Amino acid sequence: MSVKFFILFWVFLMTICVVTIRAEGPPAPCGDAAPQQKWIGDIEPVACFNGPMPTGVTVSHDGRIFVNFPRWGDNADFTVAELVNRKPVAYPDAAVNDIKEGDPAKRFISVQSVVIDPANRLWALDTGRIEWGKAEPGGPKLVGIDLKSNQVFKTITFPEDVALPDTYLNDVRFDLRRGKEGMAYITDSSGKTPGLIVVDLASGKSRRRLTGHDSTMPLADFVSLVEGAPLMVRPKDGKPTPLQIGADGIAISADGKRLYYCPLSSWRLYSIDVDTLSDFEASDEKVAAAVKNEGDKTASDGLESDAAGNLYVTAYDHNAIQKRSPDNVYETIACDPRMLWPDTLSVAKDGYLYFTANQLHRQAKFHKGKDLREKPYMLFRIKIDAKPVLLKPDSQGK
């Protein structure tokens, strides 16, 4: 090999090396070691949904899981379902879930919440409204289903002075020790006239409380950050406006003495004395005086309580769930990027906290008509080693 050829070959190799180095660019200053947000807790997928988005979940005392799908525009063949082999099946049957013409009091219109009561019965809270439309008389209702027979045993409809034109029945909790058959407490999350609704299960009598009270109203200037972006109602044409949703999350204390609730469009938690709230003869002034401001918290959708006196709070602006101890100390028990809008919470007898993650904030109304949701929607659970609150007479057993 001649000296000239060797020099030319060496220059050729050096040119390739220089081009390669320049193409790759300088090495990253920190390599791949950039810190990332920590995940907290060990959430377990329970089921995934490739159809309509779910909101509510509840678990019976023997482990049956029920979910609901409000009719918000998705094609929902049924609005209440039981998970069978992790798949939703119309419950109690397809006929009750049929929205064809008929008596609105005898069919599910759009169920927002399903809850197992202390006696192990399923209750479905029906808004009576499809896509926020007008509710027909008999549509807004609370429906009880016997899990042994899988049959409806009670339907409680709400008169027009309880279910107002813009009422949106959101969530419900029970105390079966009060009255002959127990009491139910419901949040109305309307943005204009939100409040609480108290129901006597024996008579079916109901009464509105705290309508338009500061504790049930959304904050007028409320804007939270979800996935790093301001959450606002953004029409295709027009100016974005703050999301205005009133009393939403609800939970009853382990001793049944206080009812906790919060507007969705707020950072505050409130509670009220249940003795006063349950008194149908109490004046509005007396009921308002029984409200307690429990202080600031994260922006929340769902609330739940356990038998140990803890309160669980979804943190939709942080993809997280927090636990509030009886001494008012908050601890994050789950934080995970898969928890896209944690919605409803349910403490089960198996020691798990179940919750839905339904990407509510990615709906088209928040993104100029573009639906950014990605299927599947999820049902998760996390171990909390706590039991549900079961407020029932001793005669009903364990």
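As the structure is a prediction and not an experimental result, all values here were calculated from the model.
- Arg338 and Asp336 are joined by a salt bridge, as a carboxylate oxygen and a charged side-chain nitrogen come within less than 4.0 angstrom of each other.
- Residues Asn68 and Thr55 have side chains that bring a donor and an acceptor to within less than 3.5 angstrom of each other.
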Ignoring hydrogens and angles, write down the donor-acceptor pairs under 3.5 Å from the side chains of residues 241-251, residues two or more places apart or on other chains.
| from | atom 1 | to | atom 2 | distance (Å) |
| --- | --- | --- | --- | --- |
| Gln244 | NE2 | Leu219 | O | 2.8 |
| Asp248 | OD2 | Asn170 | ND2 | 3.3 |

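- Of the N and O atoms on the side chains of Thr167 and Asp188, at least one donor lies less than 3.5 Å from an acceptor on the other residue.
- Residues Pro70 and Ser110 are in side-chain contact: their nearest non-hydrogen atoms beyond the backbone lie under 4.5 Å apart.
- In this pair, Trp123 and Phe153 present their aromatic rings perpendicular. The plane angle is above 60°, beyond the 30 to 60° band.
- Rounded to the nearest 0.5 Å, atoms OG (Ser346) and CD (Glu304) are 6.0 Å apart.
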Margin query: One pair to check against salt bridge (Lys or Arg N to Asp or Glu O under 4.0 Å): Asp171 and Arg173. What are the steps and the verdict?
Written below: CA-CA 7 Å; Asp171 208 349; Arg173 294 295 181 268; 3.1 Å; yes

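- Contacts of Met183 classified as side chain to side chain contact (heavy atoms under 4.5 Å, CB included), with partners at least two apart in sequence or in another chain: Arg178, Tyr185, Val198, Asp200, Ser278, Phe280.
- Within the 3.5 Å criterion, the main-chain N or O of Arg107 finds a donor-acceptor partner in the side chain of Lys141.
- With sequence neighbours left out, Lys368 forms a side chain to side chain contact (heavy atoms under 4.5 Å, CB included) with Arg234.
- Other residues, nucleotides and ligands place more than 12 heavy atoms under 6.0 Å from the CD atom of Glu44.
- Within a 6.0 Å radius of CG in Asp327, more than 12 heavy atoms belonging to other residues, nucleotides or ligands are found.
- Ring planes of Trp72 and Tyr168: tilted class, angle from 30 to 60°.
- Within 6.0 Å of NZ in Lys383 there are more than 12 heavy atoms belonging to other residues, nucleotides or ligands.
- Using modelled atom types, one side-chain atom of Tyr316 and one backbone atom of Leu264 make a donor-acceptor pair closer than 3.5 Å.
- Using a cut-off of 4.0 Å between Lys/Arg side-chain N and Asp/Glu carboxylate O, Asp175 and Lys392 are scored as not salt-bridged.
- Leu360 places a side-chain heavy atom less than 4.5 Å from the side chain of Met53.
- Side-chain N or O atoms of Arg381 include none that pairs as donor or acceptor with a backbone N or O of Val46 at under 3.5 Å.
- Between the CD1 atom of Ile252 and the CG atom of Leu259 there is a distance of 5.5 Å, given to the nearest 0.5 Å.
- We find that Arg373 and Asp74 are joined by a salt bridge, their nearest charged nitrogen and carboxylate oxygen being less than 4.0 Å apart.
- Between Pro88 and Phe69, the closest side-chain pair of non-hydrogen atoms falls below 4.5 Å.
- Under a 4.5 Å side-chain heavy-atom cut-off, the cluster of Ile, Leu, Val, Met, Phe, Trp and Tyr residues that includes Phe380 is completed by Ile43, Tyr312, Ile321, Ile333, Met339, Leu345, Val347, Leu353, Phe355, Met378, Ile382, Ile384.
- Inter-residue side-chain proximity for Leu379 and Leu83 is flagged as met; some heavy-atom pair is nearer than 4.5 Å.
- When the side chain to side chain contact (heavy atoms under 4.5 Å, CB included) test is applied to Lys192, the partners found at least two apart in sequence or on another chain are Asp166, Ser190.
- Within the 4.5 Å cutoff, the side chain of Ile109 has heavy atoms near those of the Ile130 side chain.
- Counting non-hydrogen atoms of other residues, nucleotides and ligands closer than 6.0 Å to CZ of Arg268 gives a total of 12 or fewer.
- Panel note: side chain Asp301, backbone Thr344; no donor-acceptor pair is recorded below 3.5 Å.
- Between the side chain of Lys154 and the main chain of Gly204, no donor-acceptor pair closer than 3.5 Å is present.
- For Ser203 (side chain) and Lys205 (main-chain N/O), a donor-acceptor pair under 3.5 Å exists by modelled atom type.
- Here Arg208 contributes atom CZ and Asp284 contributes atom CG; the two are 11.0 Å apart, rounded to the nearest 0.5 Å.
- For Arg362, the salt bridge (Lys or Arg N to Asp or Glu O under 4.0 Å) test picks out Glu227, Glu374, with sequence neighbours left out.
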